[in-house]
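As structure tokens, the structure follows; a few thoughts come after it.
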Amino acid sequence: MTISFIDLKAQQEQIKPQIEAAIARVLAHGKYILGPEVSELEAQLAEFCGARFALTCASGTDALLLAAIASGIGRGDVVFVPAFSFVATAEIVALLGATPVFVDVDADTYLIDLENLEIAINETRNKGLVPRAVIPVDLFGQPPDYSRLGELAEANGLLVIADAAQSFGAQYAGKRVGTLAPITATSFYPAKPLGCYGDGGAIFTDDAETLEVMQSLRVHGQGASQYDNVRVGINGRFDTIQAAVLLQKLTIFEEEIAARRHVAEHYTEALRDAFQTPVVATESTSVWAQYTVRVEDRDRVATELKQKGIPTAIYYPKPLHRQAAYERYPTTSGGLPVSERLAGEVLSLPIHPYLSESEQDRVISAIRQTGKVNSSAASTCTS
Ligand SMILES: *Cc1c(COP(=O)(O)O)cnc(C)c1O
């Protein structure tokens, strides 16, 4: 029996009648574009995280793009992004004609390395370029140290756009993701912790003016009416049917976060002596979008697990500064050794709220049987 890497079917079973009824209501009222479910969801998302405003949009990538356009990022600007992330983080910067500068990540948390960021800021300035913004990524579900990051950004006049595509529901210092940066972007891609049945995303802010600009940008830069265009925007709306689905999924989201945490804690307890298990910083919580260990000889381990019916995934096999489309952009001098090493060692194990205790034990015993222990295990584990 093969274990599911992510089990969306099991989740659907929990609330199938409610989802079907919610979709049926949309089919009945027929307001497929920006229908009442969309604004209802926006209100609930804002309330869930404590942000003043939430604006839904067509994807996590569009959420980042709308946030970046609304922040005025464009030609001539430098935007710092971690090299160990999904491509969208850097992509929207390059699309706007700005320059992504790749920064290394921390070897324990896999989150943007703030010392490396500071070096990159200084190097950028020394080259006569304009440091404009930083996009920290809450990789695998946990936010970075936003208090230190905020100080560093403020001291250097940098805007902060949070790429929280993997972390909606997580916290830093008791505050929810969505309230940790002036603008936060998240994704509702099906495999994310809060996923819909297609593409989707949202942006969070406390600033009414930023909200208004993003609302306009989301519908082709519209002004007072639909065929009045006051800025260059995109078609970035979220579908009403998807909002209807998410409203139902939101009702079980807290329980799902707790269930994910339970699986992660079980894994860590059972694997930490033999593998380099994920480190969650003291001030942060994670929603465990992924549970990622580091293994040398990764191909062999993945193959052996697969033979035992245990799927794994690699997020991400190549750091962004090594991607053909991004090779020409700058990195911190001295290269990005942690990102490169992680790309060769990371292996994500099955994790979802409905992974049974016995399935978890199967994963644990199978990976333990693969035997190889990472040389840096335990010694660099700080919590
Ligand atoms: C998923 C993801 C995105 C993009 O979200 P989409 O909804 O797929 O467009 C951006 N950044 C990170 C870190 C992601 O994991």
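Only this structure's heavy atoms are used, side chains among them; waters, hydrogens and symmetry mates stay out. Read the numbers this way: they start at 1 and go in the same order the structure lists the ligands and their atoms.
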Hey, which atoms in ligand 1 end up nearer than 4.0 Å to a heavy atom of [X]?
{"X": "Gly60", "answer": "5 (O), 6 (P), 7 (O), 9 (O)"}
{"X": "Ser187", "answer": "5 (O), 6 (P), 7 (O)"}
{"X": "Gln166", "answer": "13 (C), 14 (C), 15 (O)"}
{"X": "Ala165", "answer": "2 (C), 3 (C), 10 (C), 11 (N), 12 (C), 14 (C), 15 (O)"}
{"X": "Val137", "answer": "13 (C)"}

Query raised in the report: Salt bridge between Lys308 and Glu304, side-chain N to carboxylate O under 4.0 Å?
Result: no
Query - Ion pair check, Asp273 and Arg368, cut-off under 4.0 Å - result: yes
[X]-ligand 1 polar pair, N/O distance under 3.5 Å:
{"X": "Lys192", "value": "yes"}
{"X": "Tyr189", "value": "no"}
{"X": "Asp199", "value": "no"}

Indicate whether the side chain of [X] and that of [Y] have a donor and an acceptor atom separated by less than 3.5 Å.
{"X": "His29", "Y": "Glu37", "answer": "yes"}
{"X": "Ser216", "Y": "Arg231", "answer": "yes"}
{"X": "Gln171", "Y": "Thr285", "answer": "no"}
{"X": "Tyr172", "Y": "Asp138", "answer": "no"}

Query raised in the report: By side-chain hydrogen bond (donor to acceptor under 3.5 Å, both in side chains), which residues pair with Gln142, not counting sequence neighbours?
Result: none
**Report entry** Arg176 to Phe48 six-membered ring, cation-pi geometry met (6.0 Å, 45°)
**Finding:** yes
Report task. Among all protein heavy atoms, pick out the one at the shortest distance from atom 4 (C) of ligand 1; state its residue, atom name and that distance to 0.1 Å. Result -> Thr61 OG1, 3.5 Å
Requested in this report: Determine, considering heavy atoms only, which of Ser85, Ala88, Ala63 sits nearest to atom 10 (C) of ligand 1.
Outcome: Ala88
Report summary line: Note: heavy atom closest to atom 13 (C) of ligand 1, options Asp163, Ile135, Val81, belongs to Asp163
